[in-house]
Structures are given as structure tokens and as C-alpha cells.
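Encoded as C-alpha cells, the structure appears first; notes follow it.
Just so it is clear, the structure is predicted and the values come from calculations on it, not from any experiment. Hydrogens, waters and symmetry mates play no part in the numbers below; they use all other heavy atoms, side chains included.
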Protein chains: 2
Amino acid sequence: MDDNLVFRALADPTRRLLLDLLFERDARSLSDLESHVEMTRIGVMKHLRLLEAAGLVVTRRFGREKRHYLNPVPIRLIHDRWIDKYTERRVAALVNLKKTLETTK
Amino acid sequence: MDDNLVFRALADPTRRLLLDLLFERDARSLSDLESHVEMTRIGVMKHLRLLEAAGLVVTRRFGREKRHYLNPVPIRLIHDRWIDKYTERRVAALVNLKKTLETTK
DNA sequence: TTGACAGGTAACTATTTGGTTACCTATAGT
DNA sequence: ACTATAGGTAACCAAATAGTTACCTGTCAA
């Protein structure tokens with residue numbers, strides 16, 4: 001699982017949207033995903049290929065469908081690269097505080 | 001703090017190396033960072049500018065030096081976007097297992 | 001067995017991005 | 001005062017990237 005592939009895959013807003021869709025609901029086909037994005041099917045396919053190469057998405061064929069699943073492991077590895085056990089609590093608390101402030105604003 | 005800036009900032013290997021250096025030790029000057037990277041000072045400066053714009057690095061001037069500090073909050077937000085409280089334990093455990101296997105290999 | 005649907009390949013184009021050189025500004029120390 | 005050091009701006013170039021159209025393959029269902 002190459003680092004670079006993961007970060008490059010995450011760099012595009014369309015690909016992040018695809019991950020959002022899969023986070024919301026797994027096992028989507030290409031056509032399903034395509035219908036949620038303003039883009040050609042081919043465009044979506046190329047994005048999914050990159051996400052799969054990065055290990056962020058895994059796929060399985062069902063007849064003529066190819067279903068897509070989100071794999072959160074590479075995301076966690078990003079986290080662990082720059083947030084160690086000691087700072088994790090502090091950062092998480094800070095983020096939660098920030099979220100609380102934003103929702104009550 | 002724009003999403004897109006963060007992800008684009010993380011997409012480049014040199015910028016990730018800079019974050020690694022700051023993770024290892026904070027408060028580094030541009031010249032310090034430059035000495036660890038095979039690149040012109042200007043190249044490093046442009047990378048740092050992007051990291052700063054993304055909020056991944058914060059800076060403070062001391063005389064003629066500009067010191068750079070790692071800000072882990074945007075990294076945590078990436079994590080929280082695709083890993084919810086329920087799957088976090090599972091994923092963290094999986095990652096730890098993976099790390100254990102790799103170190104004893 | 002034919003038509004419709006789901007997915008895939010190839011070739012091309014416009015834009016973005018990473019990096020350079022050349023030149024400029026500000027602070028420290030002797 | 002002046003020289004070395006730390007940082008900054010502008011203009012430019014080569015390579016990578018996101019997206020397109022046109023065409024091809026495989027599977028389901030009547």
C-alpha cells in the first residue's frame with residue numbers, strides 16, 4: 001500500500017466525494033456512484049481506479065456489477081503518522097470543542 | 001480552514017517530508033528545513049507556504065528567523081471524516097495488528 | 001438471439017503544479 | 001558602516017492530472 005498513491009488519491013474533490021458516498025452507504029455500483037456526480041461515467045471510473053489502486057476502495061464483482069467498498073485503514077495510517085498517542089487525546093479534545101462551538105453558533 | 005487546501009498540501013512527497021521533520025522536532029527555520037531537502041530554498045519556501053495556507057503548519061517570527069510548527073488538527077479532521085466512533089476501535093486494532101506483524105517479520 | 005444495460009480501453013486536450021534562476025528586503029554581528 | 005545570513009517576489013518551464021469523445025466487451029432478460 002503505497003503512501004503516495006493514498007495522498008494523491010485524496011487530493012481530488014471528486015474522489016473525496018466518492019469516498020463520502022461510500023462512507024454513507026457501501027456496496028455501490030459504478031452507475032450508482034456516477035448518478036451522484038456531475039461527470040462522465042469514464043471520469044468517475046478513472047477516479048475509482050485511483051482510489052482502488054490506493055487501497056482506499058476495495059471492489060467485488062457481482063454478475064455484471066462491480067460493487068465498491070470503503071477501506072478506512074489507509075486513513076488511519078495517515079492519522080498515526082503525525083499524531084502520536086500522547087497528543088491524540090489533546091487534539092481529539094480540541095477538535096470536539098471546535099465542533100461543539102460550531103454547531104451551537 | 002479549507003478542506004481542499006489541506007488535501008492538496010498533503011499530496012506532495014516533499015511537503016509530507018517537511019511535516020515529518022516538524023513532527024520530529026518543532027520550531028525549525030526555513031534554512032534548517034531546507035538543509036534536509038534536496039531542493040532550492042525557493043522550492044522549500046513555496047511548499048511551506050502551501051502547508052501554512054492549509055493550516056498544517058503555523059509560523060512565528062523571531063528576529064530574522066521564521067519558525068515553523070506542526071498543527072495536527074487538520075489531520076485529525078481527515079480521520080474523523082471517514083472513520084466514525086464505532087469503527088475507530090476496530091480500525092485502530094487492525095492497524096496495530098498490522099504494525100505488530102510487520103515489526104516481528 | 002437480440003436489445004439494453006453495466007463496465008472497460010484508447011487517444012487526445014486544457015489546466016495545474018513543482019521546480020528553477022534572477023533579483024530584492026530585512027536583521028545580526030563585528 | 002558593511003558584510004553575511006535569513007527570508008521574500010517575479011517570471012518562467014516541463015511534467016503531471018482531470019476531463020473529454022469515440023469505440024469495445026460482457027452479462028442479463030424477454
Side-chain angles (χ1 to χ4, degrees), chain A residues 2-22 25-71 74 78, chain B residues 2-22 25-71 74 78:
Chain A
D2 190 3
D3 266 309
N4 204 37
L5 291 179
V6 176
F7 288 105
R8 291 197 168 269
L10 290 173
D12 183 85
T14 304
R15 287 195 288 271
R16 293 197 298 274
L17 172 56
L18 291 170
L19 291 181
D20 288 339
L21 289 168
L22 291 176
R25 183 165 57 78
D26 254 336
R28 293 181 190 260
S29 68
L30 169 59
S31 315
D32 180 355
L33 291 166
E34 178 202 347
S35 69
H36 291 83
V37 179
E38 281 299 313
M39 190 183 299
T40 323
R41 181 175 53 86
I42 318 298
V44 178
M45 211 172 65
K46 289 174 83 173
H47 284 308
L48 286 172
R49 193 199 308 278
L50 292 182
L51 287 169
E52 196 177 351
L56 285 160
V57 163
V58 289
T59 59
R60 189 167 168 202
R61 292 206 70 114
F62 283 86
R64 61 179 166 180
E65 279 190 359
K66 186 177 183 180
R67 304 210 182 139
H68 298 75
Y69 302 84
L70 175 63
N71 177 27
I78 292 176
Chain B
D2 188 4
D3 265 311
N4 204 36
L5 291 179
V6 176
F7 288 105
R8 290 197 168 271
L10 290 174
D12 182 85
T14 303
R15 287 195 289 272
R16 293 196 298 275
L17 173 56
L18 291 170
L19 292 181
D20 288 338
L21 290 167
L22 291 175
R25 180 164 60 79
D26 253 337
R28 293 180 189 259
S29 68
L30 170 58
S31 315
D32 179 354
L33 291 167
E34 179 203 346
S35 69
H36 291 82
V37 179
E38 281 299 314
M39 191 181 298
T40 323
R41 181 177 52 88
I42 318 300
V44 177
M45 210 172 65
K46 290 176 82 173
H47 284 307
L48 286 171
R49 192 197 309 278
L50 293 181
L51 288 169
E52 197 176 352
L56 285 160
V57 163
V58 290
T59 61
R60 190 167 166 203
R61 293 205 67 116
F62 285 86
R64 62 180 164 179
E65 279 191 358
K66 187 176 185 183
R67 302 211 184 140
H68 298 77
Y69 303 84
L70 175 63
N71 176 26
I78 292 175

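- Both key distances under 3.5 Å define a Watson-Crick or G-U pair, and stretches of 3 or more such consecutive pairs in DNA chain C run C:1-30 with D:1-30.
- For the pair A/L5 CG and D/dA16 P, the computed distance is 14 Å after rounding to whole Å.
- Note on B/T40: a side-chain N or O is less than 4.0 Å away from OP1 or OP2 of C/dT20.
- For the atom pair CG of B/L22 and CG of B/L33, the computed distance is 5.0 Å after rounding to the nearest 0.5 Å.
- For B/R67, the side-chain hydrogen bond (donor to acceptor under 3.5 Å, both in side chains) partners two or more places apart in sequence, or in a different chain, are B/E65.
- A salt bridge (Lys or Arg N to Asp or Glu O under 4.0 Å) check over residues 31-52 of chain A, counting only residues at least two apart or in different chains, returns the pairs A/R25-A/D32, A/R28-A/D32, A/E52-A/K66.
- Between the CG atom of A/N4 and the P atom of C/dG18 there is a distance of 11 Å, rounded to whole Å.
- We find that CG of B/L33 is positioned 16 Å from C1' of D/dG8, with the value rounded to whole Å.
- To the nearest 0.5 Å, atom CG of residue B/D26 and atom CG of residue B/N71 are 10.0 Å apart.
- Residue A/M39 is the one, among A/M39 and A/F62, whose nearest nucleotide of DNA chain D lies closer to the 5' end (criterion: closest heavy atom).
- Qualifying side-chain hydrogen bond (donor to acceptor under 3.5 Å, both in side chains) partners for B/R8, counting only residues two or more places apart in sequence or in other chains: none.
- Residues B/V57 and B/L19 form a side-chain contact, since some pair of their non-hydrogen atoms from C-beta on lies under 4.5 Å apart.
- When each of A/G63 and A/H47 is assigned the nucleotide of DNA chain D with its nearest heavy atom, A/H47 is the one assigned upstream, toward the 5' end.
- Taking a 4.0 Å limit (strictly below) on heavy-atom distances, residues 8-15 of chain A does not reach DNA chain C anywhere.
- Legend: residues meeting side-chain hydrogen bond (donor to acceptor under 3.5 Å, both in side chains) with A/N4, ordered by chain and number and at least two apart, are B/R16.
- For A/I78, the side-chain contact (heavy atoms from CB on, under 4.5 Å) criterion is met by A/V6, A/F7, A/L10, A/W82, B/I75, not counting sequence neighbours.
- Residues forming a side-chain hydrogen bond (donor to acceptor under 3.5 Å, both in side chains) with B/H68 (at least two apart in sequence, or on another chain): none.
- With sequence neighbours excluded, the residues satisfying side-chain contact (heavy atoms from CB on, under 4.5 Å) with B/T14 are B/D12, B/V37, B/M39, B/H47.
- Here the closest non-hydrogen pair linking A/L5 and A/A53 is CD1-O, 3.7 Å.
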All N/O contacts under 3.5 Å from nucleotides 6-12 of chain C to the protein, with atom names and distances to one decimal?
unit_1: C/dG7; atom_1: OP1; unit_2: A/L30; atom_2: N; d: 3.2
unit_1: C/dG7; atom_1: OP1; unit_2: A/K66; atom_2: N; d: 3.2
unit_1: C/dG7; atom_1: OP2; unit_2: A/S31; atom_2: N; d: 2.8
unit_1: C/dG7; atom_1: OP2; unit_2: A/S31; atom_2: OG; d: 2.4
unit_1: C/dG7; atom_1: N7; unit_2: A/R41; atom_2: NH1; d: 3.0
unit_1: C/dG8; atom_1: N7; unit_2: A/R41; atom_2: NH1; d: 2.9
unit_1: C/dG8; atom_1: O6; unit_2: A/R41; atom_2: NH2; d: 2.9
unit_1: C/dT9; atom_1: OP2; unit_2: A/R49; atom_2: NH1; d: 3.4
unit_1: C/dT9; atom_1: OP2; unit_2: A/R49; atom_2: NH2; d: 3.4

